[in-house]
Amino acid sequence: MDEKIKEAYQRAKEAYASIGVDTDKALQALDEVPISIQCWQGDDIQGFLNDNALSGGIQVTGNYPGKARNFQELQEDLEKVLSLVPGKKKINLHAIYATRPLEGRDIDELFPEDFRGWVDFAKKNDVGLDFNPTFFSHPMYKDNFTLSSPDEEVRSFWVRHGKCCVTIGDYFGRELGKKCVTNIWVPDGMKDDPYSHLEARKRLTESLDEILATPYDRDSELLAVESKFFGIGAESYTTGSGEFYLGYAAKNQIALCLDAGHFHPNEFISDKLSSALLYVPELLLHVSRPVNWDSDHVVTDTDELNHIMEGLVRDDLLKRTHIGLDFFDATINRIAAYIIGIRSTQKALLKAFLEPKEMLLKAERELDYTTRLAFVEELKSYPWGDVYAYYLDKNGIPGHDWLREVKAYEKDVLAKRGN
């Protein structure tokens, strides 16, 4: 172990101990929180099944060289990412990342065996798998609708796709012994105001009910539904609104997915955590960084990221919350984007674990808001960075020099892909 890092950690440990915080316990807690890493950052959400253009309000900007073009390259990139971040991890997949050709089938006829390559990858790297049906970038995404389409052929196609995906998520959980979170998001909506706001939502309810009727083991799989404020082509009306999915998740006692970019710019999901968990059993987070809208920027150390993690730790919500990342940036090195986002998320979690929780709760209950504010502000300059540096070094992972390793990987691997 680097002696300078160790010495800095000892000083940090003493500083935190003076306010009643055990840094060793904080690191142990951090080490137990899985972060689900989105596979689609590695290839700009192209997937392996076709060359369809992105649709459903999804856009990826930039053309940085070296994106993964197939399963082998994406595996290689993800293994490099896993080697540069500590702690528990999962890999989050979309249905378009099947690892064997469909051979005349479409995505409404997917089978678990189509994803066997990912199961082998997960076992090799000791990670779990999460899953998402892909309700976009497909010819059957018609007139801005999928599960809420008035066209029965379209709606039925996507219901079949959703049912296949529930079965695949159940397979992942049982095969790996780690619960798979299968998240349902659809881009359905209208550019202008509809005459009826209700009809499409009734169809969406019926479709979701059909999908949820698919047999699955709740110990192996958790189903989640995800809302959105608006999307490209659905600026005036989004079928799956926040109120719709909160009600649906509460009624069916499944998880609610809160995406940091899927609400009004003046709304923050950090304030929704405690409210939603009063009514739904579990939450799925899509940690992203919106810039004025759902632009899925790489996660950085922002106030909102810190507030999200503080809310989870302060109110003991982590056991009922699944943390996943959701960003895609093709303007920078994609491996670097992964590592920046994952480490930023871990750092925010660590800062929350390093708070003198009982003391601050006591001050609040006694209406001592002076002490509360004073300590919360003082904590911002405490040496949490030395604690995280120790965590990295303890796990044999580069600290500030990680970018050097990524640049070498870019030169030796990414630059030779020719895209």
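Predicted model only: the values in this text are computed from it and were never measured.
With a 4.5 Å cut-off on side-chain heavy atoms, Y338 and L325 do not count as touching. The closest side-chain heavy-atom distance from H322 to L283 is not below 4.5 Å. Contact annotation: the side chain of V313 never approaches that of E310 to less than 4.5 Å [non-hydrogen atoms, C-beta and beyond]. Considering only heavy atoms from C-beta on, I58 stays 4.5 Å or farther from D296 through its side chain. Between I335 and L414, some side-chain heavy-atom pair lies under the 4.5 Å cut-off. Side chains of I35 and V287 form no contact here, defined as non-hydrogen atoms less than 4.5 Å apart.
A donor-acceptor distance shorter than 3.5 angstrom exists from the side chain of H264 to the backbone of N266, with no hydrogens or angles considered. Judged purely by atom type and a 3.5 angstrom limit, S236 has no side-chain atom pairing as donor or acceptor with the backbone of M190. Judged purely by atom type and a 3.5 angstrom limit, H286 has no side-chain atom pairing as donor or acceptor with the backbone of C257.
Relative ring orientation between Y388 and Y391 is described as tilted, the plane-to-plane angle lying within the 30° to 60° band. Between H138 and F157, the ring-plane angle classifies as tilted under the 30° and 60° cut-offs.
When the shell of 6.0 Å around CG of D193 is examined, it contains more than 12 heavy atoms from other residues, nucleotides or ligands.
One finds no salt bridge joining E410 and K80 here, because no Lys/Arg side-chain nitrogen approaches an Asp/Glu carboxylate oxygen to under 4.0 Å. The existence of a salt bridge linking R174 and E221 is excluded, since no basic side-chain nitrogen approaches an acidic carboxylate oxygen closer than 4.0 Å.
The six-membered or imidazole ring of Y382 lies near that of Y16, with a centre-to-centre distance under 6.0 Å.
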